[in-house]
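Quick caveat: nothing in here was measured; it's all calculated off a predicted structure.
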Amino acid sequence: MKHRKRIKTFTDRYPLLGPIIWMLSIQYYLVQVETALAWSKPYSWLHNTISDLGNTGCGNYSGRFVCSPLHSLMNSSFITLGVTMALGSLLIYQEFKKSSASLVGFSFMTLAGFGTVLVGLFPENSLSVFHTLGAAMPFLIGNIGIMILGLSLDIPRRLRFYTLLSGVIALTALLFFSNHNYLGLGVGGMERLVAYPQTIWLISFGAYISRNHIRSARLKA
């Protein structure tokens, strides 16, 4: 109980910290671009997976050419993203803990963060069981968490629609991805339809909360 009160007191004192942490997820996209540009043979955004950027070997992997000189940078980015997802969820939850559904939603996003950390710790060419488990957590649990938050949080109608749409797109894409039906987008393109809506939502939701706190601070001044 005292631990929860300390967290609540901390978030009340620094209300922008949680949203800013989620907004730092943008590093995930910047690092992908930088890592992809370092490939000697052009990286394919449609036919190479995101995890190929963190692959520590060189050669053919599952029928794809892989050789990522900056794999350490990409794996560090996965770990950083996972930490920001989990830590941001813990802090932002303090602002929205009005129902058990919101607790489940933020808990699911925290679990998705732990999974993303596993993706960085265990590249696809290492212990594949842990890598696959790690990827499944944000792909499935994280996107279900977004759906729950879209239904349970007290947010504007447009933001609710965007939140639910993000979850629907990602989970629908996951269904196709799991069945190896890529609809002409390639394995990498379909995987990005699974992964990107979630991270973009984290950045967007963090920006929304930050704007609200800044406006409130100005009104009080």
Side-chain angles (χ1 to χ4, degrees), residues 25-39 41-82 84-85 108-109 111-147 163-204:
S25 298
I26 195 171
Q27 60 82 22
Y28 175 61
Y29 297 103
L30 300 177
V31 171
Q32 282 186 60
V33 172
E34 183 178 358
T35 306
L37 290 175
W39 282 40
K41 182 178 180 180
Y43 173 85
S44 173
W45 296 90
L46 293 180
H47 301 296
N48 282 105
T49 65
I50 303 172
S51 292
D52 286 349
L53 294 169
N55 194 307
T56 60
C58 281
N60 288 319
Y61 184 84
S62 298
R64 305 183 302 273
F65 171 78
V66 174
C67 192
S68 185
L70 299 181
H71 56 80
S72 295
L73 177 62
M74 189 66 232
N75 289 323
S76 295
S77 177
F78 282 130
I79 295 171
T80 301
L81 175 62
T84 58
M85 291 168 67
F108 274 24
M109 191 57 67
L111 289 174
F114 288 140
T116 306
V117 170
L118 286 179
V119 170
L121 291 176
F122 300 98
E124 63 181 6
N125 62 318
S126 60
L127 295 176
S128 60
V129 173
F130 290 108
H131 183 86
T132 302
L133 174 63
M137 292 171 74
F139 284 3
L140 181 60
I141 297 175
N143 286 319
I144 291 176
I146 287 180
M147 296 290 293
T163 300
L164 293 173
L165 181 63
S166 296
V168 168
I169 290 174
L171 289 171
T172 302
L174 177 60
L175 182 62
F176 284 108
F177 182 77
S178 300
N179 289 307
H180 306 286
N181 187 348
Y182 307 131
L183 304 180
L185 297 176
V187 61
M190 185 57 70
E191 183 190 37
R192 284 173 168 81
L193 275 183
V194 179
Y196 283 6
Q198 181 179 124
T199 317
I200 294 172
W201 179 83
L202 291 173
I203 298 167
S204 302

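Looking at heavy atoms from C-beta onward, Asn143 lies in side-chain contact with Val194 at the 4.5 angstrom threshold. A heavy-atom distance below 4.5 Å is found between the side chains of Ile50 and Phe78. Side-chain contact between Val187 and His180 is absent, with no heavy-atom pair separated by less than 4.5 Å. Under the 4.5 Å side-chain criterion, counting only non-hydrogen atoms from C-beta, His131 is not in contact with Leu118. Inter-residue side-chain proximity for Thr80 and Tyr28 is flagged as unmet; no heavy-atom pair is nearer than 4.5 Å. The shortest side-chain heavy-atom distance between Gln198 and Pro138 falls under the 4.5 Å cut-off. Asn55 places none of its side-chain heavy atoms less than 4.5 Å from the side chain of His71. Between Ile144 and Leu140 there is a side-chain heavy-atom pair separated by less than 4.5 Å.
For the residue pair Asp52 and Thr49, a side-chain donor N or O sits within less than 3.5 Å of a side-chain acceptor on the partner.
In this structure, Asn48 contributes its side chain and Val66 its backbone to no donor-acceptor pair below 3.5 Å. Side-chain atoms of Ser76 come within 3.5 Å of backbone N or O of Ser72 as a donor-acceptor pair.
In this structure, CD on Gln32 lies 13.0 Å from CG on Leu70, to the nearest 0.5 angstrom. A distance of 7.5 Å separates CD1 of Ile169 from CG of Leu193, quoted to the nearest 0.5 Å. The CE atom of Met137 sits 8.0 Å away from the CZ atom of Phe114 when rounded to the nearest 0.5 Å. Here the straight-line distance linking atom OG1 of Thr56 with atom CZ of Phe122 works out to 12.5 Å at 0.5 Å rounding. Residue Ser128 holds its OG atom at 11.0 Å from CG of Leu133, rounded to the nearest 0.5 Å.
Between Phe139 and Ala195 the shortest heavy-atom distance is CE1-CB, 3.7 Å. Between His47 and Gly186, the closest heavy-atom pair is ND1-CA, 4.0 Å. The minimum heavy-atom distance linking Gly54 with Pro123 is given by the pair O-CB, 3.5 Å. Residues Met147 and Val168 share a closest heavy-atom pair of SD-N, 3.6 Å. Here the closest heavy-atom approach between residue Thr35 and residue Ser68 is recorded as CG2-OG, 3.3 Å. For Ser25 against Thr84, the heavy-atom pair with the smallest separation is OG-OG1, 3.7 Å.
For Tyr61, the side-chain hydrogen bond (donor to acceptor under 3.5 Å, both in side chains) test picks out no residue, with sequence neighbours left out. Scanning for ring-ring contact (aromatic ring centres under 6.0 Å, His included) contacts around Tyr29 gives Tyr196, with sequence neighbours left out.
Within 6.0 Å of the CD1 atom in Ile26, the count of heavy atoms belonging to other residues, nucleotides or ligands does not exceed 12.
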* To do: Would you check, one step at a time, whether the test side chain to side chain contact (heavy atoms under 4.5 Å, CB included) holds for Ile146 with Met109?
  => CA-CA 8 Å; Ile146 287 180; Met109 191 57 67; 3.5 Å; yes
* Taking it one step at a time, do Tyr43 and Leu53 satisfy side chain to side chain contact (heavy atoms under 4.5 Å, CB included)? -> CA-CA 9 Å; Tyr43 173 85; Leu53 294 169; 3.5 Å; yes
